[in-house]
Protein chains: 2
Amino acid sequence: MDRTNAGAEAGTGRTGLTGAAGVNLPVLRSHNTALVLDLLRTAGAEGISRLELAERTGLTPQAVSKITARLRDEGLATEAGRRASTGGKPPTVLRLVPEAGHAVGLHLDRDELRAVMVDLTGTVVGERRTSLDLGAGAEAVVDAVAEEAGALMVGASGAGSVLGVGIALPGPLDHNRGVLHRVTGFPEWDGFPLRDALARRLGGPVVVDKDTNAAALGLAVSGESGSFAYLHLATGLGAGLVIGGAVHRGARTGAGEFGHQVVQLDGPPCGCGGRGCVEALCLAAVAHGALDEAAHVLGTAAGNLVALLDIDLVLLGGRTITAAPDTFLRGVRTVLTERAERLGEDPVPVRLASGGVAEGAAQLVLARLFSPSRA
Amino acid sequence: MDRTNAGAEAGTGRTGLTGAAGVNLPVLRSHNTALVLDLLRTAGAEGISRLELAERTGLTPQAVSKITARLRDEGLATEAGRRASTGGKPPTVLRLVPEAGHAVGLHLDRDELRAVMVDLTGTVVGERRTSLDLGAGAEAVVDAVAEEAGALMVGASGAGSVLGVGIALPGPLDHNRGVLHRVTGFPEWDGFPLRDALARRLGGPVVVDKDTNAAALGLAVSGESGSFAYLHLATGLGAGLVIGGAVHRGARTGAGEFGHQVVQLDGPPCGCGGRGCVEALCLAAVAHGALDEAAHVLGTAAGNLVALLDIDLVLLGGRTITAAPDTFLRGVRTVLTERAERLGEDPVPVRLASGGVAEGAAQLVLARLFSPSRA
DNA sequence: TCCACTTTCACAACGCTGTTGCCAAAGTGC
DNA sequence: GCACTTTGGCAACAGCGTTGTGAAAGTGGA
């Protein structure tokens with residue numbers, strides 16, 4: 001992490017301004033630059049021509065030429081051959097330079113820590129995995145995390161260009177301040193300023209987020225567009241919401257509390273103190289081997305979400321889902337299709353999510369480069 | 001409607017671009033201008049000084065001076081005296097010129113049509129009300145709407161400066177295209193291009209939206225900030241969602257389908273074909289005089305919404321609510337407070353909504369002036 | 001009464017942004 | 001070959017917010 005300006009206060013998220021922010025020329029410049037970088041990333045190894053960038057951004061070709069010239073100077077982009085002519089001068093293809101920047105992503109699960117180093121395109125260039133006891137106390141966990149992240153940064157090829165570290169872990173937390181709250185099953189974490197603690201240890205920007213949000217961001221980057229919900233069913237049930245390409249976190253960054261949506265008034269009690277929560281109903285059904293019932297309950301809650309937010313897509317993930325993917329896909333699809341038929345609409349597609357949480361955590365860091373406005 | 005460029009294609013909503021849009025200088029200019037106008041509107045009759053505008057927007061005082069000079073040239077803003085000195089030159093106070101522009105807002109309910117003309121500050125300067133049969137056929141309704149809107153525009157003082165007409169009506173519809181869908185109880189409206197039909201008749205921009213969205217927008221303009229949900233309980237149950245100051249409509253502009261959130265698996269059948277919908281449960285309880293139960297059900301669904309989106313505020317409105325406001329406030333608050341206590345959070349406030357739907361419909365038009373990016 | 005000081009805000013010069021006009025490069029197709 | 005199309009660089013330009021300077025108009029102490 002060689003940025004002199006990198007410190008604990010980086011990655012704060014929102015600006016502290018009360019209202020909406022004015023746009024001055026530096027803001028305009030960085031916005032358009034990020035937009036071009038994002039399109040370069042999306043284009044992948046194939047690349048994209050200047051003229052196409054101009055069409056997609058709505059900027060003039062000349063503006064795009066200026067921006068891409070800057071990016072080439074900075075080493076972030078490069079020319080990559082030419083495409084076949086369509087009757088005139090063949091377009092020069094531009095592409096991202098993957099090794100121009102890297103990010104570390106960590107996934108802290110209840111019993112395991114997975115760390116990856118990715119390049120600018122999101123490709124994993126280094127990986128470590130170790131067992132971890134989230135209940136072993138803050139110091140031990142911070143030590144382990146710093147060790148793994150440090151080892152990746154030293155060992156991997158792009159150690160000199162690491163932009164920051166992203167961390168995903170279960171349970172609600174304060175994304176803006178990087179403070180943990182109510183990590184399920186580990187009350188001792190409540191109030192721990194994980195971001196600042198790690199930023200001091202690692203000496204670079206650190207971003208902390210809920211695991212489902214990281215997973216959703218990873219999915220958004222790897223091709224899922226528009227608005228979708230990522231539903232994660234494992235030891236618990238949670239969601240990550242992407243609305244208009246941006247992760248929706250809400251005012252206190254607690255959005256996506258999907259597991260405790262009540263779908264059965266006066267239903268069986270849930271560990272949260274409420275009654276009839278989806279999580280409780282789903283997990284009880286799974287425990288009894290009634291996977292069809294679990295899928296039906298999950299589908300009903302997903303239907304509520306689709307109706308409320310009018311999203312484009314539902315993605316399913318988590319160990320319980322991957323243990324019986326077809327059952328859950330079928331069950332959720334059935335509920336959503338019935339709903340759509342009643343309304344005369346096309347049903348919202350339901351698919352399995354692919355991609356790791358650690359990779360998504362790394363995207364928390366890269367988001368500042370490619371889409372600062374929707375990070 | 002004296003804008004030469006005003007036509008049926010105005011008010012389309014989103015740009016057709018696939019991805020995010022580049023920001024060029026005209027976009028930057030109009031964004032900052034709208035931002036200043038919005039702050040002037042918020043300041044109201046008191047006004048606001050240039051320096052304060054600079055602080056709030058993040059722009060330099062000089063940039064604000066340039067922008068406000070343009071606004072004064074255009075007649076949208078004016079100087080309004082001075083404030084007391086705080087040790088130096090006393091600040092000159094700027095305020096909006098209310099009569100510089102007007103908008104017509106219409107609320108088409110099942111049996112009534114209410115039309116208002118508002119000035120730039122949202123103050124009602126003209127009002128008409130007439131009975132209406134939404135089932136009388138498209139032609140008759142369009143005639144009635146055109147008549148009322150026309151009468152307001154001719155009769156009111158600011159007839160020459162009407163920016164457009166906003167229309168709110170029940171049921172899901174396509175806000176982007178201005179086409180109706182599934183107006184509850186009136187299937188004959190399905191697919192009717194209301195916006196274009198009225199734009200031709202009235203010769204100016206027309207914006208169409210769901211009544212709950214219009215009400216929510218009206219509330220957002222009249223002081224409610226941040227993210228909130230407006231829940232409307234009358235002959236049906238619907239919601240308008242405001243996320244980050246902007247009305248959330250979703251991909252197919254169908255978001256806010258709150259009435260058919262399922263909160264009772266295998267509950268009693270609902271008119272929508274589903275089972276255990278909040279609307280059915282709530283209205284059944286109201287019909288039996290069990291208002292406490294209705295409020296509890298409503299509160300549970302509101303709790304789901306708060307958990308999922310992490311919003312700041314819940315606002316209640318609609319005839320059924322206003323018939324027994326305390327009962328519903330108490331019931332919803334109880335559920336939300338219990339939930340907050342379980343999580344160790346502050347409970348989300350619940351309040352009664354104030355403001356008419358027609359006024360909110362007028363804001364659909366004004367939004368293009370004050371906040372085009374979040375219209 | 002005078003004068004130093006603060007605050008507000010306008011004017012002029014400036015730097016940076018995207019834009020326009022022009023032209024060279026490099027192909028296709030008749 | 002030659003006309004044509006498409007791509008994209010260079011230079012001049014216009015428009016935006018920014019910086020520097022100073023006038024205007026108060027306060028408050030000497």
Side-chain angles (χ1 to χ4, degrees), chain A residues 17 20-37 39-40 43 47-74 77-95, chain B residues 17 20-37 39-40 43 46-74 77-95 373:
Chain A
L17 293 172
V23 175
N24 52 23
L25 292 167
V27 170
L28 174 140
R29 172 185 163 137
S30 65
H31 173 92
N32 286 342
T33 304
L35 211 59
V36 168
L37 274 174
L39 287 171
L40 284 172
I48 184 171
S49 76
R50 289 174 178 81
L51 227 63
E52 205 176 337
L53 285 170
E55 280 169 24
R56 300 274 280 268
T57 56
L59 301 175
T60 60
Q62 194 52 28
V64 170
S65 277
K66 278 192 180 180
I67 292 170
T68 53
R70 260 198 323 260
L71 291 176
R72 289 196 299 156
D73 279 349
E74 294 167 9
T78 187
E79 295 194 345
R82 332 193 118 177
R83 210 169 275 162
S85 164
T86 60
K89 175 176 174 177
T92 312
V93 172
L94 299 171
R95 66 166 176 80
Chain B
L17 293 173
V23 175
N24 53 22
L25 293 168
V27 170
L28 175 140
R29 172 184 164 136
S30 66
H31 173 91
N32 287 341
T33 303
L35 211 58
V36 169
L37 274 174
L39 287 171
L40 285 172
E46 279 180 54
I48 185 171
S49 75
R50 290 175 178 81
L51 226 63
E52 206 176 333
L53 285 170
E55 280 170 23
R56 300 274 280 267
T57 55
L59 301 175
T60 60
Q62 193 51 29
V64 170
S65 276
K66 278 193 179 180
I67 293 169
T68 55
R70 266 200 315 263
L71 291 176
R72 289 197 300 156
D73 279 350
E74 294 167 7
T78 186
E79 295 193 346
R82 329 194 120 177
R83 210 169 277 164
S85 165
T86 59
K89 174 175 175 177
T92 312
V93 171
L94 299 170
R95 65 168 175 80
S373 58

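Chain letters run A, B, ... following the sequence lines, proteins first and then strands; every chain starts at 1. Every value quoted in this text rests on a predicted model; they were computed, and no experiment measured them.
Nearest to the side-chain atoms of B:P91 among the listed nucleotides C:dT17, D:dC16, C:dT8 stands C:dT8. Looking at the side chain of A:P90, the nearest of the listed nucleotides D:dG15, C:dG18, C:dA26 is C:dA26. Taking the side chain of A:N32 as heavy atoms from C-beta on, and the options C:dG27, C:dT17, C:dG18, the nearest nucleotide is C:dG18. Distances from the side chain of B:E79 to the nucleotides C:dC9, C:dA10, D:dG9 place C:dA10 closest.
In this structure, CD1 of A:I48 is placed 11 Å from P of D:dG8, rounded to the nearest angstrom. Here the P atom of nucleotide D:dT7 and the CG atom of A:L94 are 13 Å apart, to the nearest Å. For the pair A:R70 CZ and D:dG9 C1', the interatomic distance rounds to 16 Å; values are reported in whole Å. Between A:H31 atom NE2 and C:dG18 atom C1' the separation is 13 Å, expressed in whole Å. Note: CG (B:L28) to P (C:dT19) measures 12 Å, nearest angstrom.
Taking the side chain as every heavy atom from C-beta outward, B:I67 and B:L35 never approach each other to under 4.5 Å. In this structure the side chain of B:L28 never reaches within 4.5 angstrom of the side chain of A:N24, judged on heavy atoms. Residues A:T57 and A:N32 fail the side-chain proximity criterion, which asks for heavy atoms closer than 4.5 Å. For the pair B:L94/B:V36, no side-chain contact is recorded, criterion being any heavy-atom separation below 4.5 Å from C-beta on.
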What protein N or O atoms touch nucleotides 18-22 of chain D N or O atoms at under 3.5 angstrom, if any, and at what distances?
from   : atom 1 : to    : atom 2 : distance (Å)
D:dT18 : OP1    : A:N24 : ND2    : 3.3
D:dT18 : OP2    : B:T60 : N      : 2.9
D:dT18 : OP2    : B:T60 : OG1    : 2.6

Shorter than 3.5 Å, N or O on both sides, protein versus nucleotides 28-30 of chain C: list them out with atom names.
none

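Heavy atoms only, all atoms of each residue included: A:L40 and A:A77 are closest at CD1-CB, 4.0 Å. The shortest non-hydrogen separation linking B:T68 to B:L53 is CG2-CD1, 4.0 Å. Taking each heavy atom of A:R82 and A:T92 in turn, the nearest pair found is NH2-OG1, 4.2 Å.
Taking 4.0 Å as the cut-off between side-chain N and carboxylate O, A:R70 and A:E74 do not count as a salt-bridged pair.
Between C:dC9 and B:R50, a contact under 4.0 Å exists linking OP1 or OP2 to a side-chain N or O. The side chain of A:S65 contributes no N or O atom lying less than 4.0 Å from OP1 or OP2 of D:dG8.
Remark: DNA chain C forms stems of 3 or more consecutive Watson-Crick or G-U wobble pairs, all pair distances under 3.5 Å, at C:1-30 with D:1-30.
Between A:V23 and A:L51, the residue whose closest nucleotide on DNA chain D is further toward the 5' end is A:L51. Along DNA chain D, the nucleotide closest to B:T33 and the one closest to A:V93 are compared, and the more 5′ of them pairs with A:V93. Mapping A:R82 and A:R29 onto DNA chain C by nearest heavy atom places A:R29 closer to the 5' end of the strand.
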